[in-house]
2 protein chains.
Amino acid sequence: MKIALDAMGGDHAPREIVRGAWNLCRETGQKVILVGDQEIINKELELLESCQGLEVAHAPEVISMDEAPATAVRRKKNASIVIAAELVRSGEASALVSAGSTGATMAAALLRLGRIKGIDRPAIASVLPVEQGTTVLLDVGANVDCKPKNLLQFAIMGSLYAHKILGLPTPKVGLINIGEESSKGNELTLGAYPLLSNSGLNFYGNIEGRDVFHGSVDVAVCDGFVGNVVLKTGEGLAAALMNMIKKELQQSGLARLGAVLSLPALKNLKRRLDYSEYGGAPLLGVNGVAIVCHGSSKEHAIKNALIRAKESVDTGLINAISASLVGQAREVDIANEC
Amino acid sequence: MKIALDAMGGDHAPREIVRGAWNLCRETGQKVILVGDQEIINKELELLESCQGLEVAHAPEVISMDEAPATAVRRKKNASIVIAAELVRSGEASALVSAGSTGATMAAALLRLGRIKGIDRPAIASVLPVEQGTTVLLDVGANVDCKPKNLLQFAIMGSLYAHKILGLPTPKVGLINIGEESSKGNELTLGAYPLLSNSGLNFYGNIEGRDVFHGSVDVAVCDGFVGNVVLKTGEGLAAALMNMIKKELQQSGLARLGAVLSLPALKNLKRRLDYSEYGGAPLLGVNGVAIVCHGSSKEHAIKNALIRAKESVDTGLINAISASLVGQAREVDIANEC
């Protein structure tokens with residue numbers, strides 16, 4: 001099983017991307033197709049000991065972060081992300097990983113692989129480190145204006161991801177809302193609540209913003225606007241708090257000594273909060289395994305994303321989502337007949 | 001100038017509410033009308049030295065947190081929050097403060113005081129402690145489904161609040177969105193962006209979730225669903241991080257010692273993040289000064305909210321909002337004529 005990796009995407013491409021693949025290949029023998037400018041990638045590979053499982057697929061073009069994703073994907077047929085998606089479509093690769101433009105990755109995956117039958121709109125899921133373990137948050141940006149049925153589909157996909165990849169037997173699913181009562185919410189959440197209640201999922205009910213990072217549920221569902229704001233608010237506040245702690249700890253000599261002694265503990269925490277441990281964000285609903293990484297990903301993050309991609313293939317995530325949607329559709333049919 | 005204070009609202013009512021008023025009255029002579037059950041309030045007052053500026057307005061009923069606000073306000077005409085709002089309407093008091101149900105306070109204020117002309121929907125503003133000072137976030141929950149013009153009105157009101165109460169000459173206003181470019185967003189933010197651009201406000205453009213707690217802008221505007229989720233995500237993450245730090249610091253003896261030495265610094269930080277320092281959340285757009293406090297408010301928070309209420313009256317906040325909206329309407333008229 002091979003994974004197609006966009007070697008040209010991300011702030012630290014191609015070096016850190018190539019090294020992420022190289023590390024995993026050396027450790028486990030995982031086969032990776034590095035997609036991008038052949039000459040550039042080969043130069044990077046020459047700096048490393050050879051590794052049998054790595055091959056290169058030439059792609060002379062690159063889609064940059066500031067290009068309109070859909071247009072760029074249509075126009076640049078030889079862009080690294082487009083060729084990577086094409087490798088999955090043709091069956092040469094089983095999964096796709098990129099730290100380049102999220103929009104372009106989504107567009108390339110949609111155009112080449114299509115959607116899973118029964119999914120109206122794919123979502124981007126993010127695995128967040130929270131107080132009690134991790135929480136799958138989705139959608140975090142693919143769909144800014146959603147309908148209730150989209151949230152139901154996100155919930156089904158997020159739940160299967162938490163089950164298959166995080167190993168939770170019956171993941172608890174929460175709907176992000178502004179109050180716990182089922183009567184609270186905006187048009188979207190009021191419409192989604194009964195769908196989730198009747199979905200057969202382990203629906204916990206509404207959760208509030210404060211519950212997300214506590215870890216009250218395993219899967220937190222919302223539209224892509226709210227999810228993006230939650231994700232980035234979390235990132236921003238964590239950084240702001242760390243800066244504020246640092247500043248406070250520099251105020252007095254005793255506090256400074258305290259800070260030095262606490263350093264390993266704070267570093268532990270920082271590692272726990274580090275996105276690069278969590279292996280990228282899966283695009284769920286696309287008819288194939290596709291994972292986007294943070295633009296600032298270094299080799300460790302890329303390696304973890306490749307591992308997640310492999311797990312997604314090995315556990316049959318896409319088929320499970322597909323089968324679950326057939327089940328849902330049947331239940332809705334039965335409900336309609338009654 | 002008297003402030004009407006709902007003495008029966010909040011988790012720690014009436015004791016902490018009464019004491020908040022008493023403290024301020026003793027220190028500054030500020031007159032406060034304590035609204036609620038006469039007998040209960042007088043018992044509380046008997047425990048304290050007398051203070052000339054305090055008086056009691058009898059209100060035999062209370063609206064609890066779980067009652068439907070609008071219905072309860074209509075039915076319980078003798079509820080403390082209703083009578084407090086009535087005191088402002090009649091001119092006996094100049095402002096209203098409550099730590100009871102936010103919904104009931106909003107409903108009572110709307111019913112008794114009405115809206116400022118030109119405001120379609122009042123908003124709840126929250127003054128957040130951020131890395132660089134404070135940021136006024138609105139709406140944080142009054143309006144879950146908004147139109148672009150609502151966001152423009154929130155921006156005008158938030159900007160005037162930051163100017164009049166926080167003393168900023170030309171507050172920077174940001175629109176919470178999922179990207180910085182003006183082309184990013186959902187229907188609502190795409191519609192609001194040009195309105196804000198042409199508003200004459202000091203519009204900074206779109207901000208992302210990560211900018212909110214950094215303090216990139218003085219006023220952050222969004223619909224009440226997003227604002228509520230941002231506010232509560234912030235609260236929840238700050239608490240989760242503090243717990244995680246505590247846990248990490250207990251892992252080794254050295255880290256424990258470090259923690260002890262850093263304690264005053266961490267306490268400083270905690271105080272800086274404490275909502276009770278920031279004097280409650282103003283209901284902006286209501287035709288009168290009304291401030292809601294956190295349900296868990298103790299005397300210090302109540303005292304600060306009363307101070308904010310007094311400042312809002314003294315600086316003529318309501319008239320300023322009203323005048324600014326007349327100006328806006330005129331600009332729109334001129335634009336339409338051109």
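In what follows, chains carry the letters A, B, and so on, assigned in the order in which the sequence lines appear, proteins first and then strands, with residues in each chain numbered from 1. Quick caveat: nothing in here was measured; it's all calculated off a predicted structure.
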Let's test your reading of the structure: which of [options] forms the most heavy-atom pairs below 4.5 Å with chain B?
{"options": "Gly236(A), Gly209(A), Gly234(A)", "result": "Gly209(A)"}
{"options": "Ile176(A), Val212(A), Asn143(A)", "result": "Ile176(A)"}
{"options": "Gly141(A), Gly185(A), Ala239(A)", "result": "Gly185(A)"}

Separation between [atom1] of [X] and [atom2] of [Y], rounded to the nearest 0.5 Å:
{"X": "His214(B)", "Y": "Glu235(A)", "atom1": "NE2", "atom2": "CD", "value": "14.0 Å"}
{"X": "Asn186(B)", "Y": "Asp223(A)", "atom1": "CG", "atom2": "CG", "value": "7.5 Å"}
{"X": "Ile178(B)", "Y": "Phe225(A)", "atom1": "CD1", "atom2": "CZ", "value": "6.5 Å"}
{"X": "Phe213(B)", "Y": "Leu241(A)", "atom1": "CZ", "atom2": "CG", "value": "8.5 Å"}
{"X": "Lys232(A)", "Y": "Ile207(B)", "atom1": "NZ", "atom2": "CD1", "value": "11.5 Å"}

Problem - Under 3.5 Å: donor-acceptor pair, side chain of Asp145(B), backbone of Glu187(A) - result: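 Yes: the side chain of Asp145(B) pairs with the backbone of Glu187(A).
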
Handout entry: Side chain / backbone / both / neither for Asp66(B) at chain A, heavy atoms under 4.5 Å
Key =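 Neither part.
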
Handout entry: Side chain, backbone, both or neither of Asp211(A) within contact of chain B (heavy atoms, under 4.5 Å)
Key =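 Neither part; nothing is under 4.5 Å.
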
Problem - Which atoms of Thr189(A) approach chain B - backbone, side chain, both or neither, heavy atom under 4.5 Å - result: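 The side chain, not the backbone.
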
Exercise for the section: Kindly indicate whether the side chain of Val229(A), heavy atoms from C-beta on, has any atom under 4.5 Å from the side chain of Val230(B). Expected result: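 Of all side-chain heavy-atom pairs linking Val230(B) with Val229(A), at least one is under 4.5 Å.
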
